[in-house]
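First comes the structure, then the notes that go with it.
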Amino acid sequence: RKEFVDLYVNYVFNESIRKPFGDFMQGFLRGCPARKWKMFLPAELQIVFQGHTKFDWHLLEKNVTYKQYKKLDQTIMNFWTVFHKLPEEKKKMFLAFLSASDRVSGYELECFKFCIADPQAENPDELYPFANTCSHILFLPR
């Protein structure tokens, strides 16, 4: 019985996927040569592929630029007060709203920047916040 179980496990986890995995590996290595990936530790490679999952939200606030706003405007201070009170999952949802991803790319977190801009609508009470995900701009009505 032990031999049967060993052979079956070997088939399921190794033999049955050998061809599909070989095809995947060949295609992957065509676009991403293995010698370039060897310089990364496994944890670093995971960040390169998946992005950062833990954030310093105060660093995010520090890296923001403003258009038609100043850091001490009441709207901006209210925004950050509410933002910092949000649970972690809601903050990640905001990040997804802003950048179309709930993760920051593999580059340093210090390099992730976004802008908060006033859309300068005639009647800002009729406008919801919206984002330009390509440029990382949050349009926040006053």
Side-chain angles (χ1 to χ4, degrees), residues 2 4-142:
K2 181 178 179 350
F4 173 78
V5 170
D6 289 343
L7 289 171
Y8 184 75
V9 167
N10 182 51
Y11 173 76
V12 169
F13 289 111
N14 297 316
E15 299 303 323
S16 68
I17 63 164
R18 189 174 308 281
K19 171 85 170 94
F21 182 77
D23 294 342
F24 165 78
M25 183 61 85
Q26 182 182 2
F28 182 81
L29 291 176
R30 191 177 315 152
C32 303
R35 68 181 181 278
K36 292 188 180 187
W37 298 112
K38 288 183 181 179
M39 68 180 172
F40 293 106
L41 295 172
E44 294 170 331
L45 192 57
Q46 183 177 5
I47 290 172
V48 168
F49 283 126
Q50 294 180 337
H52 290 280
T53 56
K54 295 182 180 172
F55 307 101
D56 177 354
W57 298 109
H58 292 284
L59 183 61
L60 183 70
E61 178 182 0
K62 181 181 164 196
N63 288 339
V64 172
T65 58
Y66 302 99
K67 288 186 181 175
Q68 296 91 30
Y69 277 120
K70 291 184 174 65
K71 186 176 183 173
L72 297 177
D73 285 345
Q74 192 62 46
T75 303
I76 298 300
M77 291 190 307
N78 290 344
F79 171 80
W80 287 115
T81 300
V82 170
F83 179 82
H84 288 302
K85 289 181 181 178
L86 292 173
E88 188 74 13
E89 200 55 40
K90 295 284 186 180
K91 290 177 183 177
K92 287 183 178 182
M93 289 173 69
F94 168 76
L95 192 59
F97 174 73
L98 177 66
S99 65
S101 175
D102 65 347
R103 297 173 182 218
V104 176
S105 300
Y107 55 80
E108 293 289 327
L109 287 171
E110 292 83 17
C111 296
F112 183 79
K113 298 183 187 300
F114 77 98
C115 177
I116 297 178
D118 182 354
Q120 297 182 327
E122 285 186 30
N123 192 354
D125 289 336
E126 295 179 3
L127 194 62
Y128 291 109
F130 60 98
N132 179 329
T133 56
C134 296
S135 302
H136 297 165
I137 300 174
L138 173 66
F139 292 97
L140 184 66
R142 292 187 182 267

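Pairing each heavy atom of L98 with each of I137, the nearest pair is CD1-C, 3.9 Å. Between E61 and Y66, the shortest heavy-atom distance links the atoms O-OH, 4.5 Å. Residues N132 and S135 approach most closely at OD1-N, 3.1 Å, considering heavy atoms. Among all heavy-atom pairs drawn from A131 and F97, the shortest one is CB-O, 3.5 Å. Of all heavy-atom pairs between H136 and F114, the closest is O-CB, 3.1 Å.
Distance alone, capped at 3.5 Å, is enough to place a donor-acceptor pair between the D73 side chain and the K70 backbone.
Salt bridge annotation for R18-E15: present, with a cationic side-chain nitrogen under 4.0 angstrom from a carboxylate oxygen.
No more than 12 heavy atoms of other residues, nucleotides or ligands shown are found within 6.0 angstrom of CE on M93. Surrounding CD of E89 are at most 12 heavy atoms belonging to other residues, nucleotides or ligands under 6.0 Å away.
Rounding to the nearest 0.5 Å places CG of N78 at 4.5 Å from CD of Q74. Atom-to-atom distance recorded for I76:CD1 and R142:CZ is 7.5 Å, nearest 0.5 angstrom. Between K113 atom NZ and K62 atom NZ the span is 8.5 Å, to the nearest 0.5 Å.
Relative orientation of the F83 and F94 rings is perpendicular, given thresholds of 30° and 60° on the angle between their planes.
Considering D118, L127, T75 in turn, T75 is the only one that fulfils the side-chain contact (heavy atoms from CB on, under 4.5 Å) rule with L140.
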Would you check, one step at a time, whether the test ring pair (Phe, Tyr, Trp, His ring centres under 6.0 Å) holds for F79 with Y69?
CA-CA 12 Å; F79 171 80; Y69 277 120; 9.5 Å; no
CA sep, side-chain torsions, deciding dist, call: V12, Y8, side chain to side chain contact (heavy atoms under 4.5 Å, CB included):
CA-CA 6 Å; V12 169; Y8 184 75; 3.7 Å; yes
Check the pair H58 / H84 against side chain to side chain contact (heavy atoms under 4.5 Å, CB included), numbers first and verdict last.
CA-CA 8 Å; H58 292 284; H84 288 302; 3.5 Å; yes
